[in-house]
Peer 1: 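Quick one: the structure is below, questions incoming.
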Amino acid sequence: MLSNHFQNGIETAKLVWSRLPNAEDGDADEVGVSKKIDGSSVESLDYEVVENHAYREEQAQRGKLHVGYYVVVKWFFALLIGIGTGLAAIFINISVENFAGWKYSLTFSIIQKSYIAGFVVYMLINLVLVYSSTYIITQFAPAAAGSGIPEIKGYLNGVDTHGILLFRTLIGKIFGSIGSVGGGLALGKEGPLVHTGACIASLLGQGGSTKYHLSSRWLQFFNSDRDRRDLVTCGCAAGVAAAFRAPVGGVLFALEEVTSWWRSQLMWRVFFTSAIVAVVVRTAMGWCKSGKCGHFGSGGFIIWDVSGGQEDYSFEELLPMAVIGVIGGLLGALFNQLTIYITYWRRNYLHKKGNRVKIIEVCLISLVTSIISFGLPLFRSCSPCPESDPDSGIECPRPPGTYGNYVNFYCGKDKEYNDLATIFFNTQDDAIRNLFSAKTIHEYSAQSLLTFLVMFYTLAVVTFGTAVPAGQFVPGIMIGSTYGRLVGMFVVSFYKKLNIEEGTYALLGAASFLGGSMRMTVSLCVIMVEITNNLTLLPLIMLVLLISKAVGDAFNEGLYEEQARLRGIPLLESRPKNEMRKMKAKEAFGNQKVVYFPRVVKVADVVSILKSNNHNGFPVIDSKSGETLVIGLMLRSHLLVLLQSKVDFQHSPLPSDSRGGSLPIRHNFSEFVKPASSKGLSIHDIHLGPDDLEMYIDLAPFVNRSPYIVPEDMSLTKVYNLFRQLGLRHIFVVPRASRVIGMITRKDLLIEVFNWIIPLYVILSAL
Ligand code: ATP
Ligand code: MG
C-alpha cells in the first residue's frame, strides 16, 4: 500500500528525506541519512467517502429538501466562522495593543525620571506577559505552540496531527499570542490567527466541544472529515483576512498555501467567509475609533497605509528592485535553513528535558530581547528633528510619555529623536508603519538600520520554535522592510534627480523577504497590496516576489514545508518526484504481506489482528464456490465501533444474507464518525467476554464497497496523483484485471437530472 511514500526504503523517499533526519526519531543520527517515519505516530484522515451499506441507505433516504437544507447549513457555517474569527482577531488585537500601549506609556513616563527604573519596569512587564504565554502553552495547550500553519497545511493535505483542533488549543492560541506578542518577542500574531480560524471552524463543524460540555446537538451536522476539511479551509482564509484585513488575500492564501484540494463551490464559500470577516473587523474598528477600546483604534490593526508615497517608478529603478528580490531570496532561504537547525536541536535535545526548560528558555529570550531593544538605542546618538511641515502630520519629537514615530529616547536636546528607538523600542505595528513611511526621508541612518537588521534577524531566528504561539509574517515584514529601506537610501542618493521614496523600497523589501522565506507569490502580492492600500506598486511587488521565490527555491523549500517535515508531517506535495515515473505501484510496498479479513470473521480473530498491527485499512475477501472476491475496504475505526456495540455479532459462521434474507442494517452512518478533536477508540479500550470472542461478525454491510484499485504495474507517478488529487488514504494494488465488463467515457457522466433541486442549488450557491 502507498499510504505514505516515506516507507519501505523507496528511493524517492530517501531523496525527500535526505537532508535532515525526522525530528520524531529520537535517536536520529547524522545529517544526510534518510529516516523512516514511525507510521504509528502520524495517521491520515478519511477524506474518501466510505460507501458502505449504511451510507448508501442514508443517501437513498435523503430527500430533496435534505440536500437543500445541507447547502443552507454549509453557508450558515461559513457565516459563523467569519463572525467567530473576526471577533477572535479583534479580541487579540485589542488586548495586544492595550498591553503593549500601557507598557510603552508607562516606560516612557518613567524614563523621564530614571532610565534604569524604566528599563526594569519594561523588562518585568515583558517577562510577565511572555511567562504567562509560555505557561499556558506548556501546561495547558502544547499544540498551540508555533504558528500552527504547517499542521493545518498537513490537516488539509490529509494528515491528522493530534490536538491541533482542540478547544483548549484554541484558547491557548488566543491567550498565548496575546502574551507573546504583547511581551515584545520577535514574532507576530498573524500565523496564530490562521490556526485560530481553523480551530473555530473545526469546533463549529463538530458542534462545539463535548469534553468541556460546550456543544450543541443542533450544530452537529457535519460529521465527516471531508466536510470538516471545507470548514477548516474557510477558517484559514478567515484567519488571514482578519489578521491583515485582506479578504481577497485570505482567499488566495487558502488556495495557494494551505489547501491541497480546491473546487469552485468551496471558493465561493471561502470568499463569503472572508467578506464577513472584513465586515466584522471594520465594524469593530469603527466602534473603537472613538477611544472606547483604549490604545486600540488609533492605529493598532495591521494596515499600513502607504498612499501618498511614490506615484510611479522609472526604468533605472528596476535593477535595485531586482537586487532587493535577490537579497530577499538569500536572506529568506538562510532564515529557513537556520530555523531548521535550531528547531531540530531544540526538539531533540533541549525540549526533551521537560517543560521547565522550555519556560526558562522563553523567559531568557524575553530578557535578552528587552535588553537589546532597550539597550541598543541608548548607544545611538540622536538626530535633530526634521523641519516641521504642518501638513505632513509629523510630530517631532513626540510629546513626553507617548510612543510612535520620532521617539525622543536618551537624547540630550529636546528637538531631537532617536532613530533606532523609533523602530526597536516600539510596538510592531508602529515600527512597521515608521519603516514604510513615505513622508519621512532620511529618517533612519544606515548604521541604525543595519544594527536593527542584524539584531532582529538573530532574535527572530532564536525565538522561532520556542514554546509560545508565534507567527513569522510580522518579523518577516520588519526584517524585509529594514534592508529594503537601506537599499532605498542608496538609490535615493544615487539617482538624485528621480522622485524616489525610501518607504517604497521598504515595502518591496518586506515582500521580498516573505517571498524568499514562505515562497508564496499570488497571495502575498495581494496581501501586500491590501495592507498598504497602494495599487501602483503591484507590478513591482510581483517582480520582487518572483525573483525572491526563485532565488529561495534554489536553496531549500518554503518555511512551512520545511517545518512540516521537521514535525514528521508526511505532506504529499503537489508534484511527485521525477524518479517515480520509472517506478511501479508494486514497488511501493515491497514484499509486505497484505493483512486482510475474510467476509465472515471470528471476533477473536478480529481482536488479535487489530492488536498485532497498527494498520487502519484492511481488504475484505469473500470466497464463494472456490472463487476469491475482494468485496471492499474495512477501516479499523469502523471495526472498533462494531466490536464495541456487539449488536452485529452472530453465532453462525455463515454470511447473514446466505439464508435468503437481505443484509441487516443496525447502524446509522453517523455512528461510524469520530469527532475531529478526538483520537477515537482504541482496541485496548474495548472489553469483550469469552462468549463474545467465540462469536462471528459478517463484515459485508460495513465495508467500503468501492475502494480505489490500481493494477500492479501502474507507474508510481499516477498512483501519487490519484492519491493526492482524490485525498485517498488507502489504495489496493491488484494483478492485471481478468475481464472488462464495460467502458465509461465523459459522455456517460453527463447525466441530465430534471428536478427542482438543481435550480435551488444554483440559487443558494449564488447567494
Ligand atoms: P495512515 O497511517 O496513512 O493513516 P494506515 O495506518 O492504514 O494509514 P499504516 O499501517 O500506517 O497505514 O501503513 C504503514 C505501512 O503498512 C505501509 O507501508 C503500508 O503499505 C502497510 N500497510 C497498511 N495497511 C496494510 C495492510 N492491511 N496489510 C499490509 N500492509 C499494510
Ligand atoms: Mg498509520
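Atoms within a ligand are numbered from 1 in the order they appear, just like the ligands themselves. Numbering of residues begins at 1 and proceeds along the displayed sequence.
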Peer 1: For E43, what is the atom name of its N, O or S atom nearest to the Mg ion (ligand 2)?
Peer 2: OE1
Peer 1: Could you tell me whether ligand 1 has any atom less than 4.0 Å away from a heavy atom of V42?
Peer 2: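 Within the 4.0 Å threshold, so yes.
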Peer 1: State whether the shortest distance between N or O atoms of F589 and N or O atoms of ligand 1 falls below 3.5 angstrom.
Peer 2: no
Peer 1: Does a donor on one side chain and an acceptor on the other come within less than 3.5 Å for E48 and N704?
Peer 2: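 Looking only at side-chain atoms, N704 and E48 do form a donor-acceptor pair, the distance falling under 3.5 Å.
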Peer 1: Between H615 and ligand 1, find which residue part has any heavy-atom pair under 4.0 Å and reply side chain, backbone, both or neither.
Peer 2: both
Peer 1: Given side-chain hydrogen bond (donor to acceptor under 3.5 Å, both in side chains), test E256 with S523 step by step and report yes or no.
Peer 2: CA-CA 7 Å; E256 183 181 3; S523 49; 2.7 Å; yes
Peer 1: Could you tell me whether the side chains of D227 and Y70 share a donor-acceptor contact shorter than 3.5 Å?
Peer 2: yes
Peer 1: Can you see whether F618 has R636 sitting over its ring - NZ or CZ less than 6.0 Å from the centre and within 45° of the normal?
Peer 2: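 Ring-cation test returns no.
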Peer 1: K593: heavy atom below 4.0 Å from ligand 1, yes or no?
Peer 2: yes
Peer 1: Show the atoms of ligand 1 that are less than 4.0 angstrom away from any heavy atom in F618.
Peer 2: 27 (N)
Peer 1: Closer than 3.5 angstrom, by distance alone: can the side chain of T169 be matched with the main-chain N or O of L165 as a donor-acceptor pair?
Peer 2: no
Peer 1: Check N614 against ligand 1 and report side chain, backbone, both or neither, counting heavy atoms closer than 4.0 Å.
Peer 2: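 The answer is the backbone.
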Peer 1: Counting from 1, what ligand 1 atoms have a heavy atom of H730 closer than 4.0 Å?
Peer 2: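 Selected atoms, number and element: 5 (P), 7 (O), 8 (O).
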Peer 1: Atoms of ligand 1 less than 4.0 Å from R729 heavy atoms?
Peer 2: 1 (P), 4 (O), 8 (O)
Peer 1: I'd like to know if the side chain of H351 pairs up with that of K358 as donor and acceptor (distance under 3.5 Å, no hydrogens or angles considered).
Peer 2: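 Side-chain D/A pair, H351 to K358: absent.
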Peer 1: P619 to ligand 1: N or O pair under 3.5 Å?
Peer 2: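 No.
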Peer 1: Using only heavy-atom distances, determine whether the side chains of N556 and R519 contain a donor-acceptor pair under 3.5 Å.
Peer 2: yes
